[in-house]
Visitor: 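I have a structure I would like to understand better, so I am pasting it below and will then ask my questions one at a time.
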Amino acid sequence: MKKKITIILALSALFTLTCFTVFLLHSKDASLVFPSLPQQVVKGSRSVFGKMMDHIRVKKIPDVSRKTAATSAQPAPPLDPCPDSPLSLVGPLLVEFETIRSLQWVRNQLGSVLQQGGRHKPPDCTARQKVAVIIPFRNRYEHLTHWLYYLHPVLMRQQLDYGVYVINQDGDGAFNRAKLMNIGFVEALKEYDYDCFVFSDVDLVPIDDRNLYRCSDHPRHLSVAIDKFNYRLSSVTAFGGVSLLTEEQFLKVNGFSNTFWGWGGEDDDLYNRIIVRGMSITRPDAGIAKYKMIKHGRDLHNEVNPENAVKTKKTAENIETDGLNSLNFTVKEILKDVLFTLISVDVQAP
Ligand code: UDH
Ligand code: MN
């Protein structure tokens with residue numbers, strides 16, 4: 001009899017344990033089962049950079065949808081459009097890169113007001129534009145930290161509905177800034193209905209927040225006056241550094257060329273594409289469109305490529321077949337930091 005009871009008890013304990021395991025495995029919150037699951041990894045295998053980012057704070061976004069449904073069936077009334085001239089702009093800014101800033105310190109400063117992936121929108125009005133900031137990147141962590149520290153508050157004051165996309169070239173093949181920009185455009189659009197694209201170097205920080213990161217009727221060049229060039233525009237056709245195009249404008253020029261490997265030419269080629277497609281460029285006033293460039297030398301695997309200058313003479317021949325419509329790449333990894341979305345890509349360097 002005693003033996004029978006023991007067997008029954010053992011069997012029921014086994015049954016309870018099995019049920020509990022099945023429940024956990026089907027639970028939505030996988031972290032209950034796998035507490036060490038790296039939640040910030042969205043896709044693919046983990047790079048060295050991914051491992052470095054393991055301490056990323058994954059911000060919990062409260063589930064307000066259910067609460068709203070319970071309290072009222074009415075959706076919130078739409079907010080008024082934000083003013084054309086944002087009211088909280090301050091004008092000239094103090095910008096310096098001597099202070100040592102860590103990514104974690106910047107997260108501590110700004111993380112609480114941002115949404116995962118480096119997103120933000122004005123809480124009290126509807127932004128005039130949905131802006132994706134695309135940054136071509138490889139091994140410039142220090143620059144990225146300064147950039148994030150200064151740009152997030154500026155973009156917030158400018159009342160944009162924006163997201164920051166760092167497009168990291170995987171491997172050490174020849175750098176291709178232009179192709180990374182095209183990839184950023186395609187990948188950002190998969191995520192949100194952006195209507196304006198800022199293509200910005202990681203080392204350019206505006207020193208006046210009246211320089212609005214907003215698109216206009218024609219493609220727009222923002223980095224007019226850079227300290228490195230004594231705050232003077234290098235040429236009337238300059239279009240590198242920080243430039244903005246709407247989705248429509250970027251599609252019209254078939255994006256950047258994908259074939260500018262190494263340093264130089266891709267920005268002039270984009271300028272030519274704009275002219276070939278019957279548009280012109282606009283710029284803010286040089287007294288406002290001022291920038292500091294973080295000091296740096298030339299990077300490894302981004303040497304000047306003399307073939308690039310030759311290619312800028314052939315824009316009209318190439319625009320039809322070289323660009324967004326011929327873009328090939330592989331996404332290796334997508335990381336969601338609170339300060340930015342990092343997309344590591346294989347650009348198929350030669
Ligand atoms: N970039 C990287 N990693 C690289 C190369 C380029 O992230 O290895 C990105 C980054 O966003 C950078 C942009 O590509 O801001 C443009 O590259 P750059 O900053 O090298 O271009 P710039 O015209 O450089 O500023 C000119 C070479 C400076 C040499 C100065 C020697 N006195
Ligand atoms: Mn630079």
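Both counts, for ligands and for their atoms, begin at 1 and track the order of listing. In this chain, residues are counted from 1 in sequence order. These numbers come from a predicted model, not from an experiment.
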Visitor: Run the ring-centre check on Trp105 versus Tyr149 and record whether the distance is less than 6.0 Å.
Guide: yes

Visitor: Number the atoms of ligand 1 from 1 as they appear, then name those within less than 4.0 Å of a heavy atom of Phe137, with their elements.
Guide: 7 (O)

Visitor: How close does the nearest protein non-hydrogen atom get to atom 32 (N) of ligand 1, and which residue and atom is it?
Guide: His296 O, 4.9 Å

Visitor: Do the numbers put Lys130 on top of the ring of Tyr162, so that NZ or CZ is under 6.0 Å from the six-membered ring centre and no more than 45° off the axis?
Guide: no

Visitor: Atoms of ligand 1 less than 4.0 Å from Pro136 heavy atoms?
Guide: 7 (O), 9 (C), 10 (C), 11 (O)

Visitor: Between Phe229 and Tyr291, is the ring centre distance below 6.0 Å?
Guide: no

Visitor: Looking only at protein heavy atoms, identify the closest one to atom 7 (O) of ligand 1 and say how far it is in Å.
Guide: Arg138 N, 2.9 Å

Visitor: Is it the case that the ring center of Phe340 lies less than 6.0 angstrom away from the ring center of Tyr165?
Guide: no

Visitor: Is the closest heavy-atom distance from His301 to ligand 1 below 4.0 Å?
Guide: no

Visitor: Purely on distance, is any nitrogen or oxygen of Asp203 under 3.5 Å from one on ligand 1?
Guide: yes

Visitor: Around the Mn ion (ligand 2), list the protein N/O/S atoms within a radius below 2.8 Å, excluding water molecules.
Guide: Asp203 OD2, His296 NE2

Visitor: How close does the nearest protein non-hydrogen atom get to atom 27 (C) of ligand 1, and which residue and atom is it?
Guide: Arg298 NH1, 3.3 Å

Visitor: In sequence, state the C-alpha distance, the side-chain angles, and the governing distance for Asp203 and Arg140, and then conclude on salt bridge (Lys or Arg N to Asp or Glu O under 4.0 Å).
Guide: CA-CA 9 Å; Asp203 53 20; Arg140 295 267 195 113; 3.1 Å; yes

Visitor: Taking atom types as modelled, find out whether Thr312 and Asp268 have a side-chain donor-acceptor pair closer than 3.5 angstrom.
Guide: no

Visitor: Do any heavy atoms of Asn302 fall under 4.0 Å from ligand 1?
Guide: yes

Visitor: Any side-chain donor-acceptor pair under 3.5 Å between Thr330 and Asp346?
Guide: no

Visitor: Check Thr246 against Ser216 and note the closest heavy-atom contact, atom names and distance.
Guide: CG2-O, 4.1 Å

Visitor: Should the pair Arg119 and Tyr192 be classed as cation-pi, given the thresholds of under 6.0 Å to the six-membered ring centre and 45° from the axis?
Guide: yes

Visitor: Which part of Lys228 is near ligand 1, with near meaning a heavy atom under 4.0 Å away: side chain, backbone, both or neither?
Guide: side chain

Visitor: Starting from atom 16 (C) of ligand 1, find the nearest protein heavy-atom neighbour and note its residue, name and distance.
Guide: Asp201 OD2, 3.5 Å

Visitor: Could you tell me if Arg157 and Ser88 have a donor-acceptor pair between their side chains, going purely by distance under 3.5 Å?
Guide: no

Visitor: Does atom 11 (O) of ligand 1 have a protein heavy-atom neighbour under 4.0 Å away?
Guide: yes

Visitor: Surrounding CD of Glu248 (heavy atoms of other residues, nucleotides or ligands, distance under 6.0 Å), is the total greater than 12?
Guide: no

Visitor: Which residue supplies the protein heavy atom nearest to atom 5 (C) of ligand 1, what is that atom called, and how far is it?
Guide: Asp299 OD2, 3.2 Å

Visitor: Under 3.5 Å, N or O to N or O, is Trp263 touching ligand 1 that way?
Guide: yes

Visitor: Of all the non-hydrogen atoms in the protein, which one sits nearest to atom 6 (C) of ligand 1, and at what distance?
Guide: Phe175 CE2, 3.2 Å

Visitor: Are Tyr213 and Arg220 close enough that a side-chain donor and a side-chain acceptor fall under 3.5 Å?
Guide: no

Visitor: Could you list which atoms of ligand 1 come closer than 4.0 Å to a heavy atom of Met293?
Guide: 25 (O)

Visitor: Any chance you could measure Lys292, atom NZ, to Lys228, atom NZ, to the nearest 0.5 Å?
Guide: 15.5 Å

Visitor: I want to check a possible cation-pi pair here: Lys179 against Phe260, using under 6.0 Å from ring centre and within 45° of the ring axis as the test.
Guide: no

Visitor: How close does the nearest protein non-hydrogen atom get to atom 20 (O) of ligand 1, and which residue and atom is it?
Guide: Arg140 NH2, 3.2 Å

